[in-house]
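Heads up, the thing below is written out as C-alpha cells.
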Amino acid sequence: MSVSTFDIHVKKTEKSRINQLDPKNIQFGKIYSDHMFIAEYADGEWKRGEIKPFDNLSLSPATTFMHYGQAIFEGVKAYKDPNGNPIIFRPYENWKRMNRSAERMAMPDVPEELFVEGMKQLVDLDRAWVPTGDDTSLYIRPFLLATDEFIGVRPAEKFLFIIITSPAGPYYSKPVSIFVDDKYVRAFPGGIGFTKAAGNYGMSMYPTQQVKKMGYDQILWTDGNEHKWVQEIGTMNVFFVIGDKVITPDVQHDTILEGVTRDSVITLLREKGVTVEERPLSIDEIEEAYHAGNLKEAFGTGTAASISLIEKLTYKEDTMILPDVNTWEIANWLKKELAEIRYGRKIDTHGWICRV
C-alpha cells in the first residue's frame, strides 16, 4: 500500500495549549500535546487518517474493548537533536511489535504508512511540545481499540488506531527498589505475555499496589509454574551483571515483552565486547551471585523507563542491597550512550534514528 493511499487530512487547533507546559517541571503522562492522529478500520480496510485537535472520544457503552479488553498499545519517544529538530527512536520496531500484538489479539495489522507516517506528521506538527532538557522527551502512545457496538463475545470487525503524545520527564527519578513476586503471575507460555495488550497491565495493578504499600517501586515477575524463573519488571525488561557477564531472561516462551530498548542495550553491549547471555535465569542464581559478591549491577530497560538502576531487590526474607550505583560501569555507560544516540549527539551507525 502506498503512502498516497493514506493521505492524511490535517485540522489544526485554533489555540495551542503549549503555555500549560512548564519545561522545568515535566511529569510523565500529565499533559498532552495539541493534536492527535486517528484512523478507522471498517469493512475490511483502513480509512483515511486524520490529524485533529486533541479531544475526547465519543463511544457507545457497548464498545467491544470496554468489555473484552481487545486493546493494544505501544510506547515510542521523540527527542530534540542539537539543532532543535525532533527525531524519533526506532519507530519501525514498535510498528512491527504492534502488529505481533495485533495478530495474537485478532486485530488487523496497522500499515506502516499509518503508524510511522502518521506519527512523523503528528510529531512535526507538535514539534514545539518536544522538550529540550536532559532526560526529557515527547512520549508517543499509539494504540488500537476494538470498537464494534456489540456485547457478544467475538473478534471485532471495527477498530480505531490513535496516536497521542505527551511531554515526559524521567519515569523513575531515582534508583528503584524491587520486590520479587512468588504469588501472582503475569504470564504463562501460550498466553499474551509477549504482547503489549492492555490486559497485561490491568492485571498487574493490584499486586503492584500491594508492593508499593510495602515500600517497593515495582514487581519482578516470576514464572507461574515454579515461581523460580525471573521474567520482567512491571514496566521494564531486566538485566543483571553477574561477574563479567550481563544476563537477561530470554524471550523464547512468549511470556516476556521483546523490548526495543532491551534490543538496543544488547546490541550496544555486544559491540563493546561485553558478554551478554539471553537465557533462563532463576532467582536462586541471582541470590547465590549476590551472597558470593558477584552480583555487580541490576537494571531495567524500557521506552518509558529508559535505563533504570535497581538498588535493592527483595525475595521472601532476603533483601539484596547492591553496591553504590554511582560506581556502576555498565548501566551508567549504557544510560549515557543511549542518550547520546537518542538526542542525536552521536552518529547513528545502526539506523535507529527516524528524522521527522
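Computed from a predicted structure; not experimentally measured. Only this structure's heavy atoms are used, side chains among them; waters, hydrogens and symmetry mates stay out.
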Ring-plane angle category for Tyr92 and Trp95, please: parallel below 30°, perpendicular beyond 60°, tilted otherwise. perpendicular
Please work out which of the three classes, parallel, tilted or perpendicular, describes the rings of Tyr41 and Phe159, given edges at 30° and 60°. perpendicular
Candidate list Ser264, Ser137, Ser306, test side chain to side chain donor-acceptor pair (under 3.5 Å), partner Arg342, passing option: Ser306
One thing to verify: whether [Y] and [X] come together as a salt bridge, which I'm taking to mean a side-chain N less than 4.0 angstrom from a carboxylate O.
X	Y	answer
Lys346	Glu337	yes
Asp181	Arg186	no
Glu278	Arg270	yes
Arg90	Asp263	yes
Lys15	Asp34	no
Glu74	Arg97	yes
Arg48	Glu50	no

Under 3.5 Å: donor-acceptor pair, side chain of [X], backbone of [Y]:
X	Y	value
Lys296	Gly293	yes
Arg279	Ile247	no
Tyr68	Ile151	yes
Asp22	Lys24	yes
Asp217	Ser177	yes
Asp348	Ile341	no
Trp328	Pro323	yes
Asp250	Gln252	yes

How close do [X] and [Y] get, counting heavy atoms only, and between which atoms?
X	Y	result
Ala106	Pro155	CB-CB, 4.1 Å
Ala102	Leu144	CB-CD2, 4.4 Å
Thr255	Pro189	CG2-N, 3.5 Å
Met66	Leu59	CE-CB, 3.9 Å
Ala62	His67	CA-NE2, 3.7 Å
Ser16	Asn19	O-OD1, 4.3 Å

Please lay out, stage by stage, how His227 and Val185 fare under the test side-chain contact (heavy atoms from CB on, under 4.5 Å). CA-CA 8 Å; His227 282 296; Val185 181; 3.8 Å; yes
Is there a path from [X] to [Y] through hydrophobic residues (I, L, V, M, F, W, Y) whose side chains come within less than 4.5 Å of each other?
X	Y	answer
Ile283	Val238	yes
Val180	Val211	no
Leu257	Tyr184	no
Ile26	Val76	yes

Would you find more than 12 non-hydrogen atoms of other residues, nucleotides or ligands less than 6.0 Å from [X] atom [atom1]?
X	atom1	value
Asp43	CG	no
Glu340	CD	yes
Glu277	CD	yes

I'd like to check [X] versus [Y] (side-chain heavy atoms, cut-off strictly below 4.5 Å). Are they in contact?
X	Y	result
Thr147	Thr64	no
Pro142	Phe37	no
Trp46	Pro108	yes
Glu157	Phe150	no
Val241	Phe299	yes
Ser33	Leu138	yes
Phe65	Thr63	yes
Lys312	Ile178	no

Evaluate the ring-ring contact (aromatic ring centres under 6.0 Å, His included) criterion for residues Phe161 and Phe143: first the C-alpha distance (whole Å), next the side-chain angles of each, then the deciding distance (0.1 Å), finally the verdict. CA-CA 6 Å; Phe161 174 63; Phe143 55 107; 8.0 Å; no
Looking at [atom1] of [X] and [atom2] of [Y], how far apart are the two atoms once the value is rounded to the nearest 0.5 Å?
X	Y	atom1	atom2	result
Asp148	Gln70	CG	CD	8.0 Å
Thr261	Glu93	OG1	CD	11.5 Å
Lys80	Arg127	NZ	CZ	7.5 Å
Met105	Thr195	CE	OG1	6.0 Å
Leu160	Glu40	CG	CD	6.0 Å
Asn326	Asp324	CG	CG	4.5 Å

Is the Phe28 to Tyr139 ring centre distance short of 6.0 Å? yes
Non-neighbouring partners of Lys12 that pass salt bridge (charged side-chain N to carboxylate O under 4.0 Å, His left out), sequence neighbours left out: none
Find out whether the Lys NZ or Arg CZ of Lys272 is both under 6.0 angstrom from the six-membered ring centre of Trp333 and within 45° of the ring's axis. yes
Which is it for Asp81 and Arg355 under the salt bridge (Lys or Arg N to Asp or Glu O under 4.0 Å) test, yes or no, and what are the steps along the way? CA-CA 10 Å; Asp81 72 9; Arg355 295 201 170 271; 2.9 Å; yes
side-chain contact (heavy atoms from CB on, under 4.5 Å) with Ile163: which of Leu122, Ile51, Leu114, Val123? Leu122
Check against side-chain contact (heavy atoms from CB on, under 4.5 Å), Asn332 and Lys336: CA-CA 6 Å; Asn332 287 320; Lys336 181 179 178 181; over 6 Å; no
Return yes if a side-chain donor-acceptor contact under 3.5 Å exists between [X] and [Y], otherwise no.
X	Y	result
His253	Asp223	no
His350	Glu271	yes
Tyr216	Thr314	yes

For a side-chain contact (heavy atoms from CB on, under 4.5 Å) check, start with the C-alpha distance between Ile88 and Met119, then their side-chain angles and the critical distance, and finish with the verdict. CA-CA 9 Å; Ile88 305 173; Met119 183 182 300; 4.0 Å; yes
